[in-house]
Trainee: 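My questions all concern the structure below.
To find a chain, count down the sequence lines: A is the first, B the second, and so on, and within it residues start at 1.
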Number of protein chains: 2
Amino acid sequence: MTRSRMRLANESWESILTAHAALMKRFAAEPIWDEVSMREYDVLYTLSKHEGPMRPFELGRGVLLSQPALSRLVERLVERGLVERTPDPEDGRGRRLGLTSAGREAQRAVGGRHAVDVAHALADVLTDEEMRQLGAIGRKLAGGKAPVQRSSEEAVL
Amino acid sequence: MTRSRMRLANESWESILTAHAALMKRFAAEPIWDEVSMREYDVLYTLSKHEGPMRPFELGRGVLLSQPALSRLVERLVERGLVERTPDPEDGRGRRLGLTSAGREAQRAVGGRHAVDVAHALADVLTDEEMRQLGAIGRKLAGGKAPVQRSSEEAVL
DNA sequence: TTAAGGTAGATGCAAACGCATCAACTTCGA
DNA sequence: TCGAAGTTGATGCGTTTGCATCTACCTTAA
């Protein structure tokens with residue numbers, strides 16, 4: 001990889017990190033996170049997008065939390081009646097997570113308001129074409145291949 | 001705003017959120033965060049980019065942390081000799097933050113290795129043109145205008 | 001069949017976080 | 001000029017997080 005290409009990659013990553021932080025702060029400041037926090041909403045939203053029950057480790061891939069933190073966050077949501085957690089009949093180790101009707105309702109209520117804020121934050125400064133580009137780039141990055149073994153030093157372990 | 005434009009904005013935001021989470025997890029898994037954690041590095045990096053000393057509240061804009069959390073994180077970095085914190089002569093409330101030479105060295109060491117990982121994560125799946133687009137979009141989003149008063153309901157408060 | 005190794009999720013515990021609040025200082029209008 | 005309001009950064013405190021570890025279950029191969 002050329003030096004300039006490496007620099008380009010790092011500059012664009014920094015740019016997106018800065019934008020991410022700025023927008024997250026802006027969204028967090030909105031007065032819509034009373035019933036569920038942003039992180040809790042993230043979990044409810046991910047569950048709502050998923051057909052049928054979801055395994056905790058699948059959920060973990062989409063959420064920026066450690067496995068124990070997610071386990072406990074889910075537990076709190078269960079206690080609050082927003083998420084249902086049952087044993088997985090096909091895998092004795094696993095659990096199946098799903099929204100309760102109260103959880104679905106909470107997700108829809110908060111989600112509706114949040115979507116308006118998101119739409120303003122992006123659509124007010126980006127063209128349709130830019131939003132399409134952003135979506136396409138995001139999908140490429142998220143689906144990007146896993147890191148590879150790079151050094152023989154690690155390979156021997 | 002049309003419904004389809006609102007949907008486009010939300011889809012692209014979700015796409016970038018997913019990519020952000022996936023990449024952050026990938027970077028976090030790299031074995032380079034022994035001396036400084038990712039959040040600490042974020043602070044060191046932001047300070048390193050800044051000409052001269054920096055005010056904590058400026059630093060806070062770029063870092064996704066609450067003001068008290070940042071205040072304490074900085075305090076830990078000061079105790080570890082990576083950051084220098086002195087009173088601001090021009091504003092009695094303020095502080096001036098700067099990297100010590102050890103802090104600059106730590107930032108460079110970790111930053112060099114991290115930059116390689118970042119470069120691979122992006123450049124392996126994006127074209128130069130896409131990286132340029134991402135950078136431009138990020139800058140537009142980060143510089144985006146502050147949220148406006150939207151409803152008369154809030155305006156009366 | 002069974003023991004070794006791998007994976008999913010939960011738990012103990014110290015560290016870190018966010019909210020509310022405070023103290024110190026600056027700014028601004030009367 | 002002086003008091004009220006705003007801003008900056010720190011601190012008390014309850015909650016949440018991550019790391020290490022544990023249990024339970026699945027998978028694989030001898």
Side-chain angles (χ1 to χ4, degrees), chain A residues 21 24-43 46-47 53-80 82-98 146 157, chain B residues 21 24-43 46-47 53-80 82-98 146 157:
Chain A
M24 288 300 279
K25 289 205 159 193
R26 177 167 160 188
F27 295 146
E30 296 289 338
I32 66 175
W33 309 109
D34 293 321
E35 356 177 26
V36 294
S37 72
M38 251 176 127
R39 275 204 251 253
E40 289 164 351
Y41 174 74
D42 194 6
V43 165
T46 306
L47 287 176
M54 200 170 182
R55 294 287 295 270
F57 78 96
E58 295 180 83
L59 188 55
R61 276 200 289 267
V63 176
L64 199 47
L65 274 179
S66 68
Q67 180 269 316
L70 178 58
S71 179
R72 282 191 247 250
L73 172 47
V74 166
E75 190 175 31
R76 291 192 293 272
L77 291 173
V78 169
E79 281 166 4
R80 283 163 54 189
L82 301 177
V83 167
E84 228 167 7
R85 179 176 47 182
T86 60
D88 187 325
E90 298 179 11
D91 187 336
R93 301 165 298 182
R95 303 300 188 117
R96 302 167 134 262
L97 305 177
L157 297 180
Chain B
M24 288 299 281
K25 288 204 161 193
R26 178 168 161 186
F27 296 147
E30 296 290 339
I32 65 174
W33 309 108
D34 293 321
E35 357 177 27
V36 294
S37 72
M38 252 177 126
R39 275 205 251 255
E40 288 164 351
Y41 173 74
D42 195 6
V43 166
T46 306
L47 286 176
M54 199 171 184
R55 295 287 295 270
F57 79 97
E58 296 180 83
L59 187 55
R61 275 201 289 269
V63 176
L64 199 47
L65 273 178
S66 68
Q67 179 269 316
L70 178 58
S71 179
R72 284 171 167 130
L73 172 46
V74 165
E75 190 176 30
R76 291 193 294 272
L77 292 173
V78 169
E79 280 165 6
R80 282 163 54 189
L82 301 177
V83 168
E84 226 167 9
R85 178 175 48 183
T86 60
D88 187 324
E90 298 179 11
D91 187 336
R93 301 165 300 182
R95 303 299 188 119
R96 301 168 135 265
L97 305 177
L157 297 179

Trainee: Measure from the side-chain heavy atoms of Leu65(A) and tell me the nearest of dG18(C), dT17(D), dT11(C).
Mentor: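 Among dG18(C), dT17(D), dT11(C), the one nearest the side chain of Leu65(A) is dT17(D).
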
Trainee: Classify the nucleic acid contact of Asp91(A) as base, sugar-phosphate or nothing, counting any heavy atom under 4.0 Å across all strands shown.
Mentor: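 The answer is sugar-phosphate, as Asp91(A) gets under 4.0 Å only of primed atoms, P, OP1 or OP2.
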
Trainee: Do the side chain of Lys25(A) and the main chain of Gly62(B) share a donor and acceptor less than 3.5 angstrom apart?
Mentor: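 Between the backbone of Gly62(B) and the side chain of Lys25(A) there is no qualifying donor-acceptor contact (under 3.5 Å).
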
Trainee: Which whole-number value in Å describes the distance from Glu79(B) CD to dA15(C) P?
Mentor: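 Taking atom P of dA15(C) as the reference, CD of Glu79(B) is at 13 Å.
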
Trainee: Need to verify one output field. Residue with the more 5' nearest nucleotide on DNA chain D, Arg85(B) or Leu73(A)?
Mentor: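 The 5'-side residue here is Arg85(B).
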
Trainee: Does dT17(D) have its OP1 or OP2 closer than 4.0 Å to a side-chain nitrogen or oxygen of Ser66(A)?
Mentor: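 Checking dT17(D) against Ser66(A), no side-chain N or O comes under 4.0 Å of OP1 or OP2.
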
Trainee: Please give, in whole Å, the distance from dG9(D) P to Arg72(B) CZ?
Mentor: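 Distance, rounded to whole Å: 15 Å.
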
Trainee: Look at all strands and tell whether Pro56(B) reaches a base, only sugar-phosphate, or nothing, counting heavy atoms closer than 4.0 Å.
Mentor: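 Answer is sugar-phosphate: Pro56(B) comes under 4.0 Å of backbone atoms only.
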
Trainee: Starting at atom CG of Asp88(B), determine the distance to atom C1' of dT7(D), rounded to an integer number of angstrom.
Mentor: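 It is 13 Å, rounded to the nearest whole Å.
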
Trainee: Could you check Gln67(B) against Pro68(A) and say which one's nearest nucleotide on DNA chain C is further toward the 5' end?
Mentor: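 Upstream on the strand: Pro68(A).
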
Trainee: Quick one: is Arg76(B) getting a side-chain N or O under 4.0 Å of the dA15(C) phosphate, OP1 or OP2?
Mentor: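 No, Arg76(B) has no side-chain N/O under 4.0 Å of OP1/OP2 on dA15(C).
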
Trainee: Would you please confirm or rule out a distance under 4.0 Å between OP1 or OP2 of dG9(C) and any side-chain N or O of Arg55(A)?
Mentor: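 The answer is yes; a side-chain N or O of Arg55(A) sits under 4.0 Å from OP1 or OP2.
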
Trainee: Over how many whole Å does the gap from Met38(B) atom CE to dA16(C) atom P extend?
Mentor: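 Distance, rounded to whole Å: 17 Å.
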
Trainee: Quick one, Glu35(A) and Leu82(A) - any side-chain contact, counting heavy atoms below 4.5 Å?
Mentor: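 A side-chain contact under 4.5 Å is absent here.
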
Trainee: Could you tell me the separation between the CZ atom of Phe57(B) and the P atom of dG6(D), rounded to a whole number of Å?
Mentor: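 From Phe57(B) CZ to dG6(D) P: 18 Å.
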
Trainee: When rounded to the nearest 0.5 angstrom, what distance separates CG in Leu77(B) from CZ in Arg85(B)?
Mentor: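 The CG atom of Leu77(B) sits 10.0 Å away from the CZ atom of Arg85(B).
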
Trainee: Nearest-Å distance, CZ (Arg93(A)) to P (dG5(C))?
Mentor: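 Interatomic distance, CZ of Arg93(A) to P of dG5(C): 17 Å.
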
Trainee: Are side-chain heavy atoms of Val36(B) and Arg80(B) found at a separation under 4.5 Å?
Mentor: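 They are in side-chain contact.
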
Trainee: Rounded to whole angstrom units, what separation is found between the CZ atom of Arg96(B) and the C1' atom of dG9(D)?
Mentor: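 Nearest whole value for this atom pair: 15 Å.
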
Trainee: For residues Leu59(A) and Val74(A), determine if any side-chain heavy atom of one lies less than 4.5 Å from a side-chain heavy atom of the other.
Mentor: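 Side chain of Leu59(A) against side chain of Val74(A), heavy atoms only: contact under 4.5 Å found.
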
Trainee: Atom CG of Leu64(A) to atom P of dT16(D): distance rounded to whole Å?
Mentor: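 After rounding, the reported distance stands at 18 Å.
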
Trainee: Heavy atoms under 4.0 Å, any strand shown: does Leu70(A) hit a base, just sugar-phosphate, or nothing?
Mentor: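 Here Leu70(A) touches no strand at all.
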
